[in-house]
Amino acid sequence: MMLFLFYITSAVAVFATVMMITRLNAVHGLLYLILSLLAAGVLFFLLGAHFAAVLEVIIYAGAIMVLFVFVIMMLNQGQKTTDQERIWLQPTIWIGPSVLAVILFAEMLIVIVSGGNAETGQIVDSKQVAIALYGPYLLAVELASMLLLAGLVGAYHLGKPMLKKTLGKRA
Amino acid sequence: MNGIPLELGLVLSAVLFVLGLIGVMVRRNLIMILMSLEVMLNATGLAFIVAGSRWGQADGQIMFLLILTLAAAEVGVGLGLALQIFHRFQTLDADSVNEMQG
Amino acid sequence: MIELLGWVPFLPFLGFLILAIAGERLSRRLIPWIGAGSVGISALLTALIGAQFLKGAMPPYRLALGSWMAVDNLSVPFGFYLDPLSMTMLFVVTGVGFLIHVYSAEFMESDPGYARFFAYMNLFVSAMLVLVLADNLVLLYLGWEGVGLGSYLLIGFWYEDPNNGYAARKAFVMTRAGDTSMAIGLFLLFTQLHTFDIQSVMTQATNLWTPGTVLPVAAAALLLGGAVGKSAQLPLQSWLPDAMAGPTPVSALIHAATMVTAGVYLIARTHALFMLAPSVQFAVAVIGAVTLLMAGCSALAQTDIKRILAYSTISQIGYMFLALGVGAWSAAIFHLLTHAFFKALLFLAAGAVILCFHHEHNIFRMGGLRKSMPLAFLSFMIGSAALSGLPFTSGYYSKHEILLAAFEVSPVLWTAGCLGALITGIYSFRLVFVAFFGPQHAQVEKSPGWRMSAPLLLLCILALAGAMLEIPLASVFSALAADENLHELNTVSAITVAAPFIGVLIAGLFYLTGAFSTQRLESLVWIRQIQRFFFSGWGMDAFYNILLVRPFKTIARLNKNDAVDSIYSATAFLSLMFHRLFSSLQTGQVRWYASSMVLGTIVIIAIGWLS
Amino acid sequence: MNSNQFIALAPILIIAGAAVVTMLIIAIRRNFVLINCVSACGILLSLLAVGLIWQANPVQATSLIRVDGYALFYTALLLLTGLSVIGLCYDYFKARTGENEELFVLLLTALLGAVVLVSSSHFASFFIGLETLSISLFVLISYTINRQNSLEAAIKYLILSGVSSAFLLFGMALIYAQSGVLDFNGIGRYLMNQKDMNALVLSGVILIIAGVGFKLSLAPFHLWTPDVYEGAPSPITAFIATASKGAVFALLLRYFISAYNYSYLPFLTVLSVIAVLSILIGNLLALLQNNVKRLLAYSSIGHMGYVLVAFIAGGRIAPALVVESVTFYLVTYFITTIGAFGIISVLSTPQIEADDLSFYRGLFWRQPWLATIFTLMLISLAGIPLTAGFIGKFYIFASGADARLWGLLLTVIVGSGLGLYYYLRVVVVMSMNVEATAIEPVEPVQKRMSTTILAVLTLLLLWFGLYPGHLIESILLISNSLK
Amino acid sequence: MILLALILVLFLGGLAAWFSERWNPEAPRWVAVITLSIESLLVIVQYSASGRIDYLSAGMPQAWIADFQGAWIPRFGIGFHLAADGLSLLLIALTEFLGFMAVSSSWTEIRERQGFFFFNLLSCLAGTIGVFLALDLFLFFFFWELMIIPMYFLISIWGHENRIYAAIKFFIFTQVSSLLMLVAIVALVLKHHSNSGVYTFDYFDLLNTRLEPDVALWLMAGFFIAFTVKLPAVPFHTWLPDAHTQAPTGGSVILAGVMLKTGAYGLLRFVVPLFPEAAHEFAPIAMMLGTISVLYAAVMAFAQSDLKRLIAYTSVSHMGFILLGIFSWNFLALQGAVITMLAHGISAAALFMIAGALQERLHTREMERMGGLWSAIPHLSAFTLFFAMASLGLPGLGNFIGEFLVLVGAFGVNASLTVITALGLILAPVYALIIIQKAFHGPTRQYAGLRDFSRRELASFGLLVLIMVWLGIRPQAVLDISAPAIKQDIQNTQAMENG
């Protein structure tokens with residue numbers, strides 16, 4: 001049963017991701033990305049990582065994607081960008097990267113398959129995670145906060161002069 | 001034990017990872033590139049979750065958490081940069097942001 | 001007196017130093033006094049030493065002047081060795097040298113490089129004396145190279161004409177080729193015998209080596225190489241005719257009387273070695289015989305007065321080699337002595353003619369000088385007679401001795417010698433008849449002064465009576481004195497005496513009386529070709545040009561920019577190519593950068609797997 | 001968490017605190033000089049803490065952080081680097097418009113990331129430290145947002161860094177999936193008990209190498225380097241070239257030694273290939289480069305290749321010599337790189353970045369001291385005696401020869417030969433004659449801070465070059481602290 | 001202490017010269033002269049004190065005259081060990097003397113940035129003297145590298161039209177080759193370490209390192225390449241014509257006169273003593289390289305039209321003799337090599353000074369554009385003739401002694417190669433006389449503002465001539481100084497090969 005669910009969800013995730021990277025319209029892509037992330041959330045749940053599944057949905061699919069939405073909206077140029085994307089995404093342009101990616105994937109596949117058999121699915125509940133988080137990983141949490149601080153300050157700095165300078169003028 | 005083999009989970013994350021990679025390599029729109037990056041990071045998160053699930057340890061989830069943090073910060077900064085670039089270069093085309101070369 | 005031997009070479013050197021440093025700033029009156037004076041005092045000293053030396057029992061005298069270098073078992077002193085052989089040479093060098101210096105004092109008077117000339121001459125004399133006196137082979141080599149330098153400097157004395165410089169270089173390089181062979185011989189001797197002292201080398205070689213084995217043959221052959229180079233014998237003879245580019249006194253001193261005989265001296269000096277290598281000694285004889293014929297023929301075809309004399313010099317040294325080759329050591333030295341007198345005389349007389357006759361070298365533009373230049377005529381008559389070996393001249397005695405000795409060894413050699421004598425007669429009197437008889441083409445500008453005349457006269461006397469000078473060389477070549485007891489063979493002797501007369505007769509018939517016409521002869525194609533062949537010195541120059549000079553120059557020119565460097569240039573070029581290649585990968589496009597990372601990852605995973 | 005651990009963590013905590021405090025002060029009062037002082041004081045305090053616990057025993061603060069001599073030495077090195085960069089930033093940014101105070105917060109967070117990196121003994125701290133550093137760097141690179149190059153550099157760095165992080169993480173995940181542990185010692189134990197080579201771990205480590213290779217700008221992951229170096233403000237370039245790379249390298253070494261990775265020969269093969277490529281490509285790319293910053297970027301690729309040679313030697317020789325060699329080389333590399341970019345930063349004005357080679361024409365005769373310092377730095381990079389760079393190169397040769405890596409050493413020699421060419425090109429340009437009128441120097445801005453730092457760096461350079469005994473002794477103290 | 005002073009005085013003098021420029025633009029050259037005078041005083045003191053044993057620390061072998069030991073980098077057993085024996089003393093004296101010549105020839109030639117010029121000149125000399133004195137391999141390498149930096153500046157700043165190419169080429173050649181040597185040094189030390197457990201770079205300790213034959217061969221190759229590049233021998237010589245041609249006269253003098261000798265010195269001091277068996281095995285190849293150098297460079301010299309280039313190739317040719325001599329490794333040949341070093345130092349320096357003087361006067365080095373100079377500048381011409389003769393190995397002058405001894409010595413070892421090398425004696429006049437022919441002979445031409453030697457130049461050249469003649473007539477004085485050192489070297493290697 002679980003395995004069946006896993007296959008279905010995986011298929012959704014892969015499909016959504018493929019769609020996402022091929023969309024001409026950024027918003028469409030974003031929606032597929034959210035779908036992919038949600039599928040990932042389900043997978044997490046299936047794998048017994050309930051806490052992570054929740055975070056995936058709330059933070060990843062929720063908060064972070066909203067940022068994208070904002071930016072896409074701010075820069076929205078409508079049909080123009082879609083046309084542009086159509087030109088950019090000539091079929092031939094896919095060949096090289098895909099070949100590379102397929103080779104890399106093949107390598108990973110060999111590695112993973114040769115790794116031997118093991119089962120997953122032990123449930124690690126939020127409590128366990130919390131204990132680890134505030135026990136051995138305390139410093140990591142603190143550091144993560146510093147990471148976010150850096151990101152915050154950075155985003156602030158990058159965001160602010162935009163308002164001051166006149167738009168549309170190349171320096 | 002719910003019967004999902006480790007390999008399958010890892011292969012799935014590898015697939016997602018590679019798809020994200022294709023996105024980074026193919027897309028010219030900076031926003032799309034950033035989104036593809038997210039896919040890659042998410043794929044690695046999945047890998048950690050799968051591994052953690054195998055060992056029944058919280059470490060996998062914690063690594064996922066940290067990745068999440070990174071993703072958030074990176075998106076924040078990345079989008080900020082994308083905005084700046086759009087205003088300087090009047091485009092989000094990654095290929096035309098290539099004044100420096102050689 | 002004999003203790004002062006060291007001063008003999010040193011005085012000319014002192015003269016050289018003074019003249020070289022003070023140069024043309026000296027008053028022109030003083031210059032010849034220093035130049036000729038130093039040699040004069042040397043000559044005087046030599047005479048005194050000679051008197052003392054010849055009076056006694058003539059034990060070899062050694063003078064040690066200190067050490068030159070001493071490394072390990074190699075020790076080379078500055079040491080002089082005086083025995084009858086070197087004594088003879090001393091007489092020639094200082095005596096004839098002095099006369100020529102005096103002659104030059106007038107001959108070169110109007111030249112701007114007056115002091116330079118005397119400096120070079122003094123340097124040469126000094127080096128020649130060192131060569132002659134050296135008691136070891138390295139010091140001999142010093143003198144040997146020193147005379148080469150002197151010769152180079154003097155041939156190129158009139159440096160404004162590039163041809164002179166070319167001739168000078170040719171002389172230096174060709175003799176250097178011989179010198180190198182000699183140097184290798186020195187190395188061989190030292191490596192085998194551990195000494196450079198000439199006398200020790202000879203005794204040791206005699207004691208240690210079996211005659212005819214490889215070592216003595218190699219050593220003798222290598223030394224012969226040196227001798228051949230310096231003495232302008234086959235195959236290194238072609239520099240000498242060109243060396244006539246120098247002022248005439250130089251030709252007289254260096255390229256007739258002294259330096260070119262150094263090879264003869266060397267072989268005589270190391271005769272013990274050659275006796276250990278009979279094959280080489282025979283080669284000496286053959287070289288001498290061939291050279292004397294060849295040079296004689298060449299002389300027949302020349303028109304330049306000095307070149308005729310140059311070829312005759314080569315030919316006469318051929319006689320000396322012939323003598324050495326047949327073991328007639330004393331005869332060789334005797335001929336060296338007489339040759340020095342009459343050849344110097346001829347050259348100086350030629351110089352007088354040239355100087356007084358519009359600097360003209362071509363004998364066919366002269367003619368009838370008999371009357372206008374009686375002294376020169378006299379000199380030429382005596383000189384040519386001696387050169388041809390007409391009886392009662394000095395040349396007669398020496399040449400006669402050689403030819404008889406040659407007959408002892410091989411009649412073929414003797415035949416060659418006689419033929420040579422005949423040719424000598426022809427070309428020397430051809431010169432005399434053409435230049436001094438017949439109609440006079442132009443007026444003589446001036447007549448030589450006393451400084452030129454006196455040496456000429458003195459040399460006339462010596463050329464006639466030089467044979468009277470008794471050289472007691474027996475003690476030097478004691479080991480073989482027995483061989484020189486020549487039997488008088490009447491027929492042979494007669495032919496030997498007759499040969500030059502026939503030559504003179506032929507010359508007279510062609511050039512004096514006109515009984516035979518040269519024009520008729522020349523109308524024959526093959527004669528003309530032969531004449532051209534002879535004129536070019538048997539094509540040796542062309543031969544060397546094609547075989548050595550031109551390939552060398554071509555290689556040098558082609559490789560001017562150093563082929564080896566192209567290895568490095570190629571490396572640099574390759575680096576730059578790679579630079580361009582990699583630079584072109586730096587496109588500035590982020591997607592390509594990402595792809596390259598993926599590519600790199602793929603590759604390193606593969607490498608990790610494969611290894 | 002006991003007090004012992006707290007004390008051991010003091011340097012890290014102080015830096016983190018300093019970042020927060022600086023940010024708070026900015027919120028209260030924007031004053032460039034003040035912020036400068038505060039951040040510098042923070043670093044100094046942290047240094048002081050390092051000095052106090054220098055002699056203490058190694059402390060394992062949770063499984064994430066291990067504070068030992070090795071960590072402390074590199075912490076001190078990074079802090080000093082940070083201090084110099086702050087000094088350079090002071091002069092570089094004081095004349096520029098815009099709010100420049102956040103720069104120091106970001107510098108401190110970057111420094112924090114780097115310091116965590118060098119003391120981390122766990123993938124989590126490895127990753128988080130690396131990302132703290134990277135996130136800060138994205139912004140630092142783009143800090144001069146009115147320069148297009150800055151933005152371009154930052155976005156390139158961000159995207160590629162993201163990709164590399166993904167590789168890194170995927171590698172970690174593979175290792176974790178196989179071994180079930182995330183701390184280095186645990187992995188080491190796991191590997192020691194494994195009989196055969198493990199494909200998953202092998203690939204995982206290689207992916208980590210790929211990820212780290214990007215940060216170290218090793219070929220073939222080097223393509224970003226010149227663009228980022230060129231685009232970033234010079235003092236920040238100095239920081240990227242030194243602190244970021246040095247910290248990552250220190251971490252990699254710690255990882256390889258602690259996690260018993262040297263026993264996997266394929267890694268050494270992979271690393272050897274990378275080293276050869278880095279040395280050759282880096283040096284070849286620099287040959288005709290006319291932009292000094294790009295030139296130094298390419299040269300840094302080569303230099304990382306050189307250190308990698310000493311690193312690889314660890315497969316054959318005792319780790320102590322490897323640590324010693326790598327550390328010495330990195331110290332000299334830090335000094336020279338900061339010095340070189342310091343020169344560029346001193347010469348730069350708000351209007352123009354002094355990175356074109358033509359800018360250096362005749363510098364010898366215009367500003368002899370700066371030119372001399374630059375020459376010394378370049379000579380040191382080229383590894384010529386009199387300077388510390390030579391001793392560093394000597395160390396590479398020593399460890400390489402000890403491990404009998406003749407092929408790699410030959411590559412080092414070839415690389416040095418190529419390197420000489422472009423270093424000398426710069427020197428040549430500086431010693432060229434120029435017409436006095438050709439370049440009318442802009443009114444020179446007083447840059448006392450930077451010049452002082454440059455002078456100190458030069459003295460250090462000569463000191464370590466002529467009398468390296470002291471430095472070697474202090475490195476010897478730490479060379480055995482890795483287990 | 002004097003040994004240390006020998007290096008320091010020059011370096012400090014260089015600094016003083018640099019700074020004195022601010023005070024007076026003419027001052028540096030006087031400072032240089034004063035420095036060199038002090039230096040020569042030191043050399044004389046050292047030489048006259050060489051009989052006294054108390055300059056020597058305990059344990060030094062006999063042939064050594066003085067030494068100085070200090071700690072440096074104890075971690076690897078690197079010490080600051082300077083020591084002098086007859087050989088180094090001779091070369092130092094040569095360096096010192098040519099220093100004067102270099103200053104003299106730069107007197108009017110260098111007009112710009114004199115301070116920095118003389119700083120570089122003097123520090124280059126300091127480095128060279130360091131090379132001749134250092135007996136710690138690390139220290140040796142240190143100085144070895146150090147001396148090329150100032151030389152690089154001398155060429156690249158004050159050189160002629162193509163100076164940058166030449167300077168960089170010079171630097172890269174020497175640097176790359178010396179890195180090979182560094183690898184060899186390090187490997188040797190490590191080998192010694194693994195044998196004995198002690199890190200040491202000291203020459204005397206390393207002398208007795210036991211090595212497997214193939215290892216020894218490789219290590220020797222590292223040293224050998226570094227030294228033959230510097231020497232230089234074919235095929236590593238191509239940097240030299242460029243460097244010499246482009247260098248200012250003073251630089252050429254130092255380069256040709258002294259720096260090339262460091263290569264020879266290294267071969268003599270390090271390669272053979274450290275790896276006697278390997279060197280013995282390798283000798284035929286090395287000697288062959290020497291032979292090829294002699295002949296090839298002679299042909300190359302003949303082909304040149306640029307006077308300095310020609311002289312540069314003659315240097316390569318002469319250095320071939322040294323290579324031949326050193327690898328013959330017998331007393332005669334080694335002594336010959338030593339004399340050749342000194343004599344070539346003098347003759348090449350003099351020829352370069354002449355080329356420099358001509359360039360200063362005519363602004364060209366092309367011999368095609370000269371000709372007939374003899375009448376215009378007889379003194380200069382006569383000196384050229386003299387040194388051309390010295391260069392072609394005229395007996396009575398120094399070069400002859402050297403070449404002669406080398407060939408005599410080599411003949412016993414390898415007769416056939418020696419005979420081939422001797423052909424160089426034929427080629428020598430070919431190239432040496434071409435100078436005279438092209439530049440000085442020929443019809444007199446008018447040259448504007450051409451002046452003959454000044455008094456300063458006359459004095460310099462007079463001195464050079466005197467020394468050349470002295471070397472040629474009384475080489476014994478020099479031979480005696482170097483003899484103990486060489487004898488000891490030979491004994492050592494023989495002892496090692498036997499034991």
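Computed from a predicted structure; not experimentally measured. Protein chains get the first letters and strands the later ones, always in sequence-line order, with residue 1 at the start of each.
Looking only at heavy-atom pairs under 4.5 Å with chain A, the residue among L70(B), V50(B), L21(B) that has the most is V50(B). Heavy-atom pairs under 4.5 Å with chain B were tallied for A130(A), A155(A), S10(A); the largest tally goes to S10(A). By number of non-hydrogen pairs under 4.5 angstrom with chain A, the leading residue of V77(B), V75(B), N42(B), L10(B) is N42(B). Contact count versus chain B (heavy atoms, under 4.5 Å) is highest, among L5(A), I93(A), I123(A), L67(A), for L67(A). Contact count versus chain B (heavy atoms, under 4.5 Å) is highest, among P97(A), G151(A), A144(A), for P97(A). Of the listed residues (L46(B), D95(B), L34(B)), the one with the most heavy-atom contacts under 4.5 Å to chain A is L46(B). For the options L152(A), D125(A), L100(A), L89(A), heavy-atom pairs under 4.5 Å to chain B are most numerous at L89(A). Ranked by heavy-atom pairs under 4.5 Å with chain B, the first of A132(A), A40(A), A49(A), G154(A) is A49(A). Put simply, of G80(B), G52(B), A82(B), G56(B), the one with the most heavy-atom pairs under 4.5 Å next to chain A is G56(B). Annotation: maximal heavy-atom pairing with chain A below 4.5 Å, among V24(B), D93(B), I31(B), occurs at D93(B).
A donor-acceptor distance shorter than 3.5 angstrom exists from the side chain of Q84(B) to the backbone of L158(A), with no hydrogens or angles considered. Side-chain atoms of S53(B) come within 3.5 Å of backbone N or O of L47(A) as a donor-acceptor pair.
Shown here for M35(B) and A26(A), the closest heavy-atom pair between the two residues is CE-O, 4.0 Å. N29(B) and W88(A) make their closest contact through N-CZ3, 3.8 Å (heavy atoms, listed as atom of the first residue, atom of the second, distance). Taking both residues in full, the closest heavy atoms of F44(A) and G45(B) are given as CZ-C, 4.4 Å, listed atom of the first, atom of the second, then distance.
For a residue to count as touching a neighbouring chain, one of its non-hydrogen atoms must lie under 4.5 Å from one of that chain's; by this rule I33(B) does not touch chain A. Looking at L33(A), only its side chain comes within 4.5 Å of chain B, counting heavy atoms on both sides. Proximity to chain B (any heavy atom under 4.5 Å) is shown, for L133(A), by both the backbone and the side chain. Using a 4.5 Å cut-off between heavy atoms, Y7(A) touches chain B through its side chain atoms alone. Residue I34(A) does not touch chain B at all, counting heavy-atom pairs closer than 4.5 Å. Heavy-atom distances place no part of S145(A) under 4.5 Å from chain B, backbone and side chain included. Only the side chain of L43(A) comes within contact range of chain B, with heavy atoms under 4.5 Å apart.
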Distance-only donor-acceptor pairs under 3.5 Å for side chains of residues 58-69 of chain B, two or more places apart:
| unit_1 | atom_1 | unit_2 | atom_2 | d |
| --- | --- | --- | --- | --- |
| D59(B) | OD2 | Y137(A) | OH | 2.6 |
| Q61(B) | OE1 | A52(A) | N | 3.4 |
| Q61(B) | NE2 | V124(A) | O | 3.1 |
| T69(B) | OG1 | L65(B) | O | 2.8 |
| T69(B) | OG1 | L66(B) | O | 3.4 |

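We find that E85(A) and R28(B) are not joined by a salt bridge, their nearest charged nitrogen and carboxylate oxygen being 4.0 Å or further apart.
No side-chain heavy atom of I21(A) sits under 4.5 Å from any side-chain heavy atom of V26(B). Between L79(B) and F70(A), the closest side-chain pair of non-hydrogen atoms is not below 4.5 Å. Contact annotation: the side chain of Y60(A) approaches that of E38(B) to within less than 4.5 Å [non-hydrogen atoms, C-beta and beyond].
Atom CE of M2(A) sits about 6.0 Å away from atom CD1 of I4(B), to the nearest 0.5 Å. Note: S36(A) OG to L16(B) CG = 5.5 Å, rounded to the nearest 0.5 Å.
Counting only residues at least two apart or on different chains, the ring-ring contact (aromatic ring centres under 6.0 Å, His included) pairs with a member in residues 4-37 of chain B are F17(B)-F167(D), F17(B)-F170(D). Annotation: salt bridge (Lys or Arg N to Asp or Glu O under 4.0 Å) contacts involving residues 52-64 of chain A, sequence neighbours excluded, are absent.
At a heavy-atom cut-off of under 4.5 Å, chain B is reached by A13(A), V14(A), T17(A), V18(A), M20(A) from residues 13-20 of chain A, listed in order of number.
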